[in-house]
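Owing to the predicted nature of the structure, the values given are computational and were not obtained by experimental measurement. Along the sequence shown, the residues carry numbers beginning at 1.
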Amino acid sequence: MRKMKVKDLLLTVIFSITVVSCDSDKKKAADSDLMETHEGTDSVGHKVGDAVAYAKIRIDEPDYISEICKKNFSMWLSTVLEMEKSSDKDAVHSLASTFTHVVAARHENSLKEMQTVMEEYHVDEFFTTVNISKSYESDEFITYIFDEESYEGGPHGSHINMGYTFKKSDLSLADLIKPEDVRKYRKAITDRLSGVLNIAPSSLMETLFIEDDCKKEGLVPLPAGGAFLEDDSLVFQYQQYEIVPYSYGLPCVKLPYK
């Protein structure tokens, strides 16, 4: 079937300066030492019968940063997008473009294979949308949120929301949890989780999807994605099915710094 790009999904790259640099050698704004970023977007769509297969991505890309910052950011991006690392000098845009083309093509093939079923259930799109945004920044750290929503058949779509905190000096991932403190944090999360999920404390362990050893301990494991920083809290974000059924969504426990 002939590929057709959807009108509002034409491949685009858009830049807009919003706010200063990870590179200390660059001049900083007089009233701010925030990392300057620009917005990059890329989207690709294909028509499949009466349905559409598409992929979109939006990235707050750091501006005016050192080469090591660029390298570390692009390496992290290739990991979360599950794309091969790019050595291109414009690595972020290269990864974004590769991601939308690969994922849109995958959705297109899936729609072709399942078109009869999709028509029967009145499904008119397979898609993936990704938003990678800066959510927090201090003098020392910066946090990015990776948010992905997708649908490729089945009773419902999927949603990933993960936070990553970087050291601003080189944009390497920050180690926020010391090994000796893991149990302390697990206990603090467990103490708050009943309220987050609106489950009676006595029923919490039997509701959770966790290993028997954790149930015996009475402690919830840390999320696979680790922790990240927000304005006033250390945040522990669990993903769909990671510790609870789908109906509970993405449980999030915040431990205030105080």
Side-chain angles (χ1 to χ4, degrees), residues 13-42 56-83 85-86 88-96 99 129-149 159-178 181 185 189 222-239 250 252-258:
V13 179
I14 304 171
F15 304 109
S16 59
I17 298 299
T18 58
V19 288
V20 190
S21 165
C22 168
D23 188 345
S24 58
D25 294 333
K26 297 291 182 179
K27 183 178 180 180
K28 296 184 178 181
D31 61 347
S32 173
D33 61 354
L34 296 180
M35 183 178 293
E36 188 171 329
T37 66
H38 64 257
E39 179 183 89
T41 66
D42 197 294
K56 295 180 181 180
I57 190 168
R58 176 195 170 280
I59 304 171
D60 286 340
E61 182 180 356
D63 261 339
Y64 307 119
I65 56 176
S66 65
E67 290 303 313
I68 187 63
C69 288
K70 290 179 182 178
K71 179 181 178 181
N72 286 337
F73 189 80
S74 64
M75 287 180 63
W76 167 76
L77 188 62
S78 67
T79 300
V80 295
L81 294 179
E82 299 182 349
M83 296 285 115
K85 294 179 175 61
S86 173
D88 192 308
K89 64 179 181 179
D90 210 10
V92 171
H93 301 151
S94 176
L95 286 164
F99 174 80
T129 62
V130 170
N131 185 46
I132 299 173
S133 58
K134 185 177 75 168
S135 68
Y136 166 76
E137 186 173 354
S138 67
D139 291 340
E140 186 178 358
F141 299 107
I142 184 167
T143 296
Y144 266 77
I145 301 298
F146 175 87
D147 189 86
E148 177 184 291
E149 294 192 57
H159 186 194
I160 298 172
N161 185 277
M162 301 184 74
Y164 299 85
T165 296
F166 303 88
K167 294 182 291 185
K168 288 175 67 174
S169 59
D170 60 3
L171 286 190
S172 62
L173 288 169
D175 293 324
L176 301 176
I177 305 294
K178 296 178 180 179
D181 291 334
Y185 283 116
I189 292 169
L222 298 182
F228 59 94
L229 303 179
E230 278 194 349
D231 288 336
D232 60 356
S233 303
L234 186 62
V235 183
F236 297 86
Q237 176 74 69
Y238 294 91
Q239 304 306 305
L250 285 70
C252 181
V253 176
K254 299 183 178 183
L255 303 181
Y257 294 147
K258 64 181 179 181

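- Formation of a donor-acceptor pair under 3.5 Å by the Gln237 side chain with backbone atoms of Pro223 is not found in this model.
- In this structure, Thr37 contributes its side chain and Asp60 its backbone to no donor-acceptor pair below 3.5 Å.
- Lys70 contributes no side-chain N or O that, together with a main-chain N or O of Val92, makes up a donor-acceptor pair within less than 3.5 Å.
- Paired with Thr143 under the rule side-chain contact (heavy atoms from CB on, under 4.5 Å), one option of Ser135, Ser133, Ser138 passes, and it is Ser135.
- Residues meeting the ring-ring contact (aromatic ring centres under 6.0 Å, His included) test with Tyr238, sequence neighbours left out: none.
- The backbone N or O of Glu230 lies less than 3.5 Å from no partner atom in the side chain of Lys254, so there is not a single donor-acceptor pair.
- With contacts defined as side-chain heavy-atom distances shorter than 4.5 Å, the pair Ile145/Tyr136 does not qualify.
- Checking side-chain atoms of Glu137 against main-chain N and O of Met35 turns up a donor-acceptor pair under 3.5 Å.
- For Phe228, the ring-ring contact (aromatic ring centres under 6.0 Å, His included) criterion is met by no residue, not counting sequence neighbours.
- The closest donor-acceptor contact from the side chain of Thr165 to the backbone of Leu229 lies under 3.5 Å.
- A donor-acceptor contact shorter than 3.5 Å links the side chain of Tyr257 to the backbone of Ser233.
- Residues Asp147 and His159 form a side-chain contact, since some pair of their non-hydrogen atoms from C-beta on lies under 4.5 Å apart.
- No side-chain heavy atom of Val130 sits less than 4.5 Å from a side-chain heavy atom of Ile59.
- Counting heavy atoms from C-beta outward, Lys56 and Thr41 have side chains that stay 4.5 Å or more apart.
- Listed by chain and residue number, Trp76, Tyr164, Phe166 satisfy the side-chain contact (heavy atoms from CB on, under 4.5 Å) test with Leu173 (two or more places apart in sequence, or in another chain).
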